[in-house]
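Lettering follows sequence order; numbering is per chain, from 1.
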Amino acid sequence: MAALIARRILMLFPSLLFLSMFIFLLMQLIPGDPAQAYLRLSQIPPTDEAITAVREELGLDLPLYEQYWNWLISALQLDFGRSFLTGERVLEEVLYYFLATLQLSLTAFLLTIVISVVIGIFAARYQKRSFDTFSRLFSVGGSAIPTFWLGFLLVYFFSYQLGWLPSGGRGDWSSLVLPVLTLSIPYIALFSRLLRTSLLEVSKAYYVTYSRARGLREPSIFRKHILRHALLPLLTVSGVALGYLLAGTVIVESVFSWPGMGRYMVTAITNRDYPVIQFYIVFMAFIFLVVNMMVDWLQAWVDPRLRRREGSRHV
Amino acid sequence: MFSVLWKKKALIFSSSILLLAFLFALFAPFVVPVDPFAGDTSRRLLPPSAEYWFGTDHLGRDVFSRLLYGARYSFLGALVVAIIAAILSIVIGTIAGYRGGCLDQIFMRISEWMLAFPSLMIALVLVGIFGPGMLNLMFALILVFWMPGARLVRNMIVRLKEERYVHVARLHGGSSFRIITRHLLPFVLPHVLVLATLDVGSVLLHIAGFSFLGLGIQPPLPEWGAMLNTSSDYFYSSPWLMIFPGLIIFVIVLSFNILSDHWREIFHIKK
């Protein structure tokens, strides 16, 4: 297990190296000139001399491989350049915004898991009864609702009409409620349904019938034999969900003026702030690779069958 | 019995909504009651009435007309993206699955990489690289949405091409082209249809979402998400500016999901 983990961590570096190279090449395809974007954002008139000077300063006059090499060397020293717009170091800015995003998505993640499990269990228990129908309608609706619309509706009712909660910004816990709800509702709709299906499938298994035949009491069968197995697929999906929640904040942050990564990236894209765009991509790729890796470990830890298969693949 | 009836009603309802949206999108310039681009400050922010069904916006433009006209961007845009993505996925998936070998390996590696990231994230990154705008957004979404379909097609082709009837067809001297079009694709296409129908809704949500962020279709074009973006300052005093564009996106996406479910049932495809 330890060797497996070490190998996976080592594998991260070539992946990131390859990815950063790919992104660097891709960035060359961008229509427009970074030097001009820089001058526009610094509010310097783009004369020919100014453009030449900036190209030299940013190293844009060097050949491509040399540009990448310089970028890589500074990146290894955790220097990812400065934002054209603010002139601040990109790494520090991103870390600040990332914390805000993390707070939002982790809260939403916990809420999604807890509520989905509760709804899923009740929907499976009272199959084809009114609660099940209600949860079905909820899941059908939740998968089709545009996130920004849901956010505005919640703000309209809970902050504007009722005045219970703030409509945006990042403050105390009350400012977290509406963005988290907006972010989680579509995923609760999806997950509660997944868990219900999984529960119903497991409860048809032979070992469940067998434990009934052994005369075990129904609550203990449910807890020990059905729920435990049914939660396994949810574990796999929840890793994916964490990724989706991290990405899904883009729109929610815009609706609620939440100072997070997504809004930062959107501003950078609108302003053609090249260093920010480039670092955002590398940073998110890193985060996702790490999240995916942790999901793999978690699965291997819970399900020994996977551990064996994984081990044999590398031998 | 009741549920069958309800299902049928839901299907009829959703198909007619989609058909209507399609017709409106095609003939929008001829059917809109008021010019969707003409502002008039004397009729700013009017609530819904007999004359202006869904009210007017902050520039005095008729929201109902703008929504009808917006079907050209949101609805047709999503349809075009999903169709191109489906065609790409059939072509690439078939080639990768049927030829196998090195091509297939490259395809599988790329698709595994892409699957590790959420579609919204990849689309955001691509829009970041190409720059904001309608065509760039559509291009980015095609690049995102062809992949799951191509994997589906590839996996089915890999499985089907070893079936006995395919070997027999080959012994009969059938060319690869004939085997693919006559013996393999007819089984694959219903699956692609189900997925693509579901994708139209998802693409529509992406187009509206990115336009809402200001990275997709730009105002004054009345794309539904962009409409929410431009009028966001007036939502609380004039909620109809928010309710109707969102509602129409919701209903259309829901209709596509229902239609996809229906096709899944017709073709007996498991989830």
Side-chain angles (χ1 to χ4, degrees), chain A residues 15 18-19 22-23 26-27 29-32 128 133 140-141 143-153 155-156 159-161 167 186 197 240-241 243-251 253-255 262-263 265-270 272-274 276-278 280-281 284-285 288-289 291-292, chain B residues 3 6 10 74 112-113 115-133 136 198 201-202 204-215 224-225 228-229 232 235-237 239 241-258 261 271:
Chain A
S15 295
F18 175 74
L19 192 81
F22 183 65
I23 290 164
L26 217 54
M27 295 289 286
L29 291 176
I30 297 186
K128 306 230 165 106
T133 315
V140 170
S143 61
I145 202 161
T147 326
F148 44 93
W149 190 52
L150 178 64
F152 283 128
L153 285 179
V155 169
Y156 185 71
S159 9
Y160 183 71
Q161 295 280 8
S167 63
T197 317
V240 180
Y244 272 81
L245 285 171
L246 274 171
T249 51
V250 179
I251 286 169
E253 281 166 5
S254 259
V255 173
R263 237 163 54 109
M265 174 68 167
V266 170
T267 319
I269 294 177
T270 335
R272 313 303 302 140
D273 193 342
Y274 289 77
V276 175
I277 299 176
Q278 193 160 356
Y280 175 88
I281 300 174
M284 284 317 264
F288 273 87
L289 289 177
V291 168
N292 285 338
Chain B
S3 79
W6 189 84
S74 316
E112 268 163 29
W113 260 85
L115 277 186
F117 302 95
S119 56
L120 191 69
M121 173 71 45
I122 304 180
L124 183 70
V125 163
L126 289 175
V127 170
I129 290 170
F130 303 146
N136 289 351
L198 206 58
S202 183
L204 206 162
L205 283 178
H206 277 77
I207 290 184
F210 276 93
S211 302
F212 166 73
L213 292 173
L215 300 180
W224 299 333
L228 278 168
N229 181 354
S232 60
F235 282 170
Y236 306 118
S237 49
L241 289 180
M242 173 232 341
I243 290 174
F244 293 113
L247 189 66
I248 199 164
I249 298 173
F250 178 65
V251 170
I252 298 265
V253 176
L254 198 63
S255 304
F256 274 114
N257 291 358
I258 292 172
D261 262 356
K271 276 199 181 184

Peer 1: With sequence neighbours excluded, what pairs up with B:Asn257 under the side-chain contact (heavy atoms from CB on, under 4.5 Å) test?
Peer 2: A:Ser143, A:Ala144, B:Leu198, B:Val253
Peer 1: I'd like to verify something: which residue of A:Leu289, A:Thr147, A:Val266, A:Ile269 has the highest number of heavy-atom pairs under 4.5 Å with chain B?
Peer 2: A:Ile269
Peer 1: Where does B:Leu213 contact chain A at under 4.5 Å (heavy atoms): side chain, backbone, both or neither?
Peer 2: both
Peer 1: Considering only heavy atoms and a distance below 4.5 Å, find which of B:Leu247, B:Ile258, B:Leu120 pairs most often with chain A.
Peer 2: B:Leu247
Peer 1: Using a cut-off of under 4.5 Å for heavy-atom pairs, which of A:Val291, A:Ile251, A:Thr270 has the most such pairs with chain B?
Peer 2: A:Ile251
Peer 1: Taking the side chain from B:Asn136 and the backbone from B:Phe130, do they hold a donor-acceptor pair closer than 3.5 Å?
Peer 2: yes
Peer 1: Under 4.5 Å heavy-atom distance to chain A, tell me which part of B:Trp224 shows up: side chain, backbone, both or neither.
Peer 2: neither
Peer 1: Contact part of B:Leu124 toward chain A, heavy-atom cut-off under 4.5 Å: side chain, backbone, both or neither?
Peer 2: both
Peer 1: Examine whether an atom of A:Ala268 lies under 4.5 Å from a heavy atom of chain B, and if so say whether it belongs to the side chain, the backbone or both; otherwise answer neither.
Peer 2: neither
Peer 1: Among B:Phe250, B:Phe256, B:Trp113, which has the most heavy-atom pairs under 4.5 Å with chain A?
Peer 2: B:Phe250
Peer 1: I'd like to know which of A:Ile145, A:Leu150, A:Val140 tops the heavy-atom pair count under 4.5 Å against chain B.
Peer 2: A:Ile145
Peer 1: Not counting sequence neighbours, which residues clear ring-ring contact (aromatic ring centres under 6.0 Å, His included) with A:Tyr280? List them please.
Peer 2: none
Peer 1: Which atoms of A:Leu19 come close to chain B, meaning under 4.5 Å heavy atom to heavy atom: side chain ones, backbone ones, both, or neither?
Peer 2: side chain
Peer 1: Decide if the gap between the ring center of A:Phe288 and the ring center of A:Tyr244 is smaller than 6.0 angstrom.
Peer 2: no
Peer 1: Look at the side chain of A:Thr249 and the backbone N and O of A:Leu246, then say whether any donor-acceptor pair between them is shorter than 3.5 Å.
Peer 2: yes
Peer 1: B:Asn229 and A:Phe148: side-chain contact (heavy atoms from CB on, under 4.5 Å), yes or no, with the steps?
Peer 2: CA-CA 10 Å; B:Asn229 181 354; A:Phe148 44 93; over 6 Å; no
Peer 1: How about B:Met242 and A:Leu153: do any of their side-chain heavy atoms sit closer than 4.5 Å?
Peer 2: yes
